[in-house]
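Here the structure is a predicted model, which means the values were calculated and not measured.
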Amino acid sequence: MTYPAFAQSDWQEALREWLTAEDMEESYGEELMEQLEERVLSPINLNQTSQEELEALPFLTAQQVEGLIEYLDHYHPIRSLSELQMVKALDYHTRRLLTYFVVAGEECQTSLWPTLEELRKYSKHQFTATGKIPFYERKGDINGYLGYRYRHDIRYQYTYSNRIKAGITAAQDAGEPFFSNKNSMGYDHYNYYVQLRDFGHLEELNIGHYRVQIGMGLVMNTRMQLGKLTTLQTMGRSQHTVTAHSSRSASNHLQGIAATVRFSKPWRMTAFVSHQAIDATLNDNGSVRTLLYSGYHRTVTEMEKKHNTLETDAGGSIGWQQGTWRIHANVVFTHYDRPLQPQQNASYRIYAAQGNDFLNSSVDYGWNNYRWAISGETALNQRGGLATIHTVSCRLTDQFSLMVLHRYYDKRYTAQHANSFREGSSIQNEHGIYIGSTWQPSRSWLIQGYADYAHFSWPRYQVSAASDAFDALLSTRYTRKQWTWNVRYRLHIKQHDNDTKEMIINETSHRLRMSTDWQLSPMLMLHTQGDGVLVNEAGNNSRGIMVSQQTRWQYRWLQVTGQLAWFHSDNYDSRLYQYEPSTQYDFSFPAYYGHGIRYSLMVHSDIGKHVTLATKLGVTNYFDRSIIGTGLQQTDQSSMADLLVQLHIKL
C-alpha cells in the first residue's frame with residue numbers, strides 16, 4: 001500500500017481552518033475530528049470503495065464524489081494516489097487533504113464469508129488508554145463530586161479489511177464515581193458496537209451503539225452537523241449513512257440494531273430500531289421537563305437524573321438512485337416512557353415538543369453531475385409542522401463554484417433527532433437563505449466566502465419578539481513553496497432583549513484571524529497566528545486579542561509540538577478560540593477571556609512498530625484573577641496545569 005508521508009497532525013491543521021467559533025461551542029469539531037481520526041488509522045482503499053463510503057468524508061462535494069467514482073470505474077484499479085490529479089473535480093487543496101484518508105491498496109479478493117486465512121491476513125487490533133491528570137483541586141473535588149478528579153477512558157477495536165469492525169469504549173469524566181454509586185460496573189459510560197459491511201445484499205449491519213443520518217437531517221441526524229464554512233465545502237449534499245458510534249460521548253447516538261439492504265442496483269433500504277435509557281430533569285408529577293445531553297454524573301443531583309427516562313426510536317428510509325437521480329422516502333418514530341412536559345411560562349416554549357409519541361416523515365431528493373448538484377428535503381411532523389431545505393450548487397468553471405441554500409422551518413415543526421443547517425439552536429422557527437462561493441484563481445490561491453440571513457418569526461430564548469440574524473465570512477489562503485498565509489474575517493449580527501427586556505438590540509461581532517505556516521524542512525514546521533475580536537452591543541464595545549506561536553519538530557519516531565498563546569479580552573463576549581494539538585481522539589479548541597497566557601508541550605513517540613506513547617502538558621496562567629471558574633468547578637488559584645497521557649497499541 002502507498003501511504004502519504006505527512007505528519008499525523010497535518011490533516012488536523014488543514015481541517016481547523018474550516019471550523020468557526022460556533023462550531024467549537026456546539027462540539028461539532030470534536031465529533032468531526034474523532035470520526036476522521038479513525039479514518040486516518042484505517043484509510044479507505046480506493047480500489048475497494050463505494051460511493052457511500054466516499055460520501056462519509058465530510059470535505060468532499062457531491063461533484064467530487066461523482067468524479068472519483070467515474071474515474072475509478074474507468075481506470076480501476078489505480079496504482080498510485082498521484083492519479084488523483086486526473087480527477088477534474090478535485091482541486092489541489094482537496095487532493096492533498098484526501099491523501100490522508102485514502103490509499104491505493106491492493107484488491108482483496110475475499111469471499112462472501114471470510115475464511116480463517118483471510119481473517120488472519122487482514123485483521124487489525126487497536127487498544128488505546130488515555131488519562132488526564134490535573135495538578136489542581138476544584139471545589140467539587142474537596143466536597144461535592146462523587147468521584148476523584150481524574151478523567152480516563154479505554155478503547156479496543158477489531159477490524160477486518162473494511163468489512164468488519166467491532167469494539168468497546170469505556171469513559172469516565174473527572175468527578176464521576178468509579179465502581180460505586182450507580183456506576184457499579186466501573187466506568188460511567190460504555191459504548192459497544194459491531195459493524196458488518198458488504199455481505200451480499202446486506203450493505204451494512206450495525207449492532208450496539210450507532211449513529212444515523214437520513215437525507216439532509218430534517219427527521220434524523222445523530223451525526224455531527226458541520227458549520228457554515230464546511231457546508232460550502234461539501235456543497236450541502238445529503239447523505240444516507242449508518243456508522244458505528246465508537247467515541248467517548250454518552251449522548252447523541254442510538255442503541256439497538258440498524259441495517260442497510262440493497263435489493264438491486266437502484267433500490268436500497270435502511271431500517272433501525274433503538275431502545276436506551278437517557279438523562280432528564282423531571283417535573284414534580286414525573287413528566288420530563290428537559291432532556292439532558294451533557295453526560296455528566298458527578299454530583300448527587302446529576303446522578304439522580306442518570307438514565308431516569310426510556311427512549312425508543314424506530315424508522316427507516318427506502319430509496320431509488322439511478323445514474324445522477326435519487327429520491328428517498330423516510331420516516332422516524334420516537335416514544336418516551338415519560339411524557340415531555342416543558343414549562344410554558346415563556347412564549348418561546350409554547351411550540352416545544354410535548355407528549356410521549358412523535359412521528360416525522362420526509363422525502364429527500366437530488367440530482368447531480370460534474371457541474372451541477374441539486375439537493376432537497378421536505379418533512380412533516382404529526383402536528384402538520386413543515387420543514388424544508390434545498391441547495392443548488394454549480395461549478396461555473398473549474399476554478400469557481402457557487403452555492404445557494406434556502407431553508408424554512410415552521411415554528412410548529414419539531415423532530416427529536418433533527419440536525420441540519422441552521423442559524424438558531426434547533427430545526428424550528430427559522431427562515432433563511434445562504435449564498436456561498438469558492439474561487440481558486442491559481443494553484444496558490446483559494447478564496448471562499450458566504451453570506452447568510454435568517455429570520456425568526458416567533459420569540460426565542462432571550463428574544464421576546466421576532467428577530468433576525470446575519471452572518472458573513474471571507475477567507476483567503478495563499479500557498480507558495482514552504483509558506484502558507486491565511487486571512488479570515490467574519491461578521492455576525494444577532495438580536496436579543498436588552499437588560500430591561502423593553503426592546504430588541506443588535507449584538508455585532510467582528511472576528512479577524514491571520515496566520516502563517518512555514519515548513520522550514522521536513523522536520524520543522526512553524527505556525528504563527530493572530531486573532532482579534534470586536535463586539536458591539538447597544539453602543540458598548542468589548543475587545544479581545546490573541547497572539548500564538550506553534551512549533552512542531554519531527555524526526556523519525558519522535559514528534560514534539562510546543563505552543564504558546566497570549567490573550568487579552570475585556571469579557572466573555574469577546575472571548576477567543578485557539579486550536580491546540582492533542583492526542584488521538586482528544587480534540588482541544590478552548591475559549592479564553594480575560595488576561596493570561598496558555599502554553600503546552602506534546603511529545604508523540606513510536607515505540608517500535610506497534611506501540612505509540614503520547615504525553616501532553618498544558619498550563620494556563622491568568623494575570624487578572626486569583627480564582628478560576630465558579631461553583632464546584634472553582635479553583636482557588638490563578639494557574640491551572642494538567643497532564644494528558646495516552647498509550648496506543650496496534651497489532
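- Formation of a donor-acceptor pair under 3.5 Å by the Arg298 side chain with backbone atoms of Ala174 is not found in this model.
- Listed by chain and number, the residues in a side chain to side chain contact (heavy atoms under 4.5 Å, CB included) with Ser626 amount to none (sequence neighbours excluded).
- For the side chain to side chain donor-acceptor pair (under 3.5 Å) test, residues two or more places apart in sequence or in another chain that qualify with Asp471 are Lys228, Tyr450, Arg490.
- Checked by atom type and distance alone, the side chain of Gln428 pairs as donor or acceptor with a backbone atom of Lys411 at under 3.5 Å.
- Judged purely by atom type and a 3.5 angstrom limit, Ser420 uses its side chain to pair as donor or acceptor with the backbone of Met216.
- By the 30° and 60° cut-offs, the orientation of the rings of His240 relative to His328 is parallel.
- Listed by chain and residue number, nothing satisfies the side chain to side chain donor-acceptor pair (under 3.5 Å) test with Arg95 (two or more places apart in sequence, or in another chain).
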Less than 3.5 Å apart, which donor and acceptor atoms pair up between the side chains of residues 589-597 and the rest of the protein, not counting sequence neighbours?
residue : atom : partner : partner atom : Å
His595  : NE2  : Trp566  : NE1          : 3.1

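- Under the 3.5 Å distance criterion, the side-chain polar atoms of Glu377 are left unmatched by any main-chain donor or acceptor of Gly215.
- With sequence neighbours left out, Glu580 forms a salt bridge (charged side-chain N to carboxylate O under 4.0 Å, His left out) with Arg598, Lys616.
- Distance alone, capped at 3.5 Å, places no donor-acceptor pair between the Asp570 side chain and the Ser542 backbone.
- In this structure, the side chain of Ser509 does not engage the main chain of Val535 through any donor-acceptor pair within 3.5 Å.
- Side-chain atoms of Arg211 come within 3.5 Å of backbone N or O of Thr222 as a donor-acceptor pair.
- Annotation: side chain to side chain donor-acceptor pair (under 3.5 Å) contacts of Lys305 (sequence neighbours excluded): Thr281.
- Considering only heavy atoms from C-beta on, His496 comes within 4.5 Å of Glu537 through its side chain.
- Ring centroid separation for the pair His390 and Tyr408 does not come in under the 6.0 Å cut-off.
- Remark: Arg543 pairs with no residue by the salt bridge (charged side-chain N to carboxylate O under 4.0 Å, His left out) rule, at least two apart or across chains.
- Looking at residues two or more places apart in sequence or on another chain, you find a side chain to side chain contact (heavy atoms under 4.5 Å, CB included) between Asn498 and Thr500, Glu502, Met503, Ile505.
- Annotation: salt bridge (charged side-chain N to carboxylate O under 4.0 Å, His left out) contacts of Asp364 (sequence neighbours excluded): none.
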* side chain to side chain donor-acceptor pair (under 3.5 Å) between Gln519 and Gln482, intermediate numbers included -> CA-CA 5 Å; Gln519 190 78 45; Gln482 295 85 12; over 6 Å; no
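- A donor-acceptor pair is defined here as one N or O able to donate and one able to accept, closer than 3.5 Å; such a pair exists between the side chain of Gln563 and the backbone of Tyr579.
- No hydrogens or angles considered: nothing links the side chains of Asn536 and Thr508 as a donor-acceptor pair under 3.5 Å.
- Among residues two or more places apart in sequence or in another chain, the side chain to side chain contact (heavy atoms under 4.5 Å, CB included) test is passed with Asn360 by Val219, Asn381, Tyr413, Ala415.
- Between Thr414 and Arg383 there is a side-chain heavy-atom pair separated by less than 4.5 Å.
- Using a 4.5 Å cut-off on side-chain heavy atoms (C-beta onward), Gln550 and Thr561 make contact.
- Within the 4.5 Å cutoff, side-chain heavy atoms of Tyr453 are placed close to those of Asp468.
- Glu430 pairs by the salt bridge (charged side-chain N to carboxylate O under 4.0 Å, His left out) definition with Arg407, not counting sequence neighbours.
- Residues passing the side chain to side chain contact (heavy atoms under 4.5 Å, CB included) test with Asn345 are Gln343, Arg349, sequence neighbours excluded.
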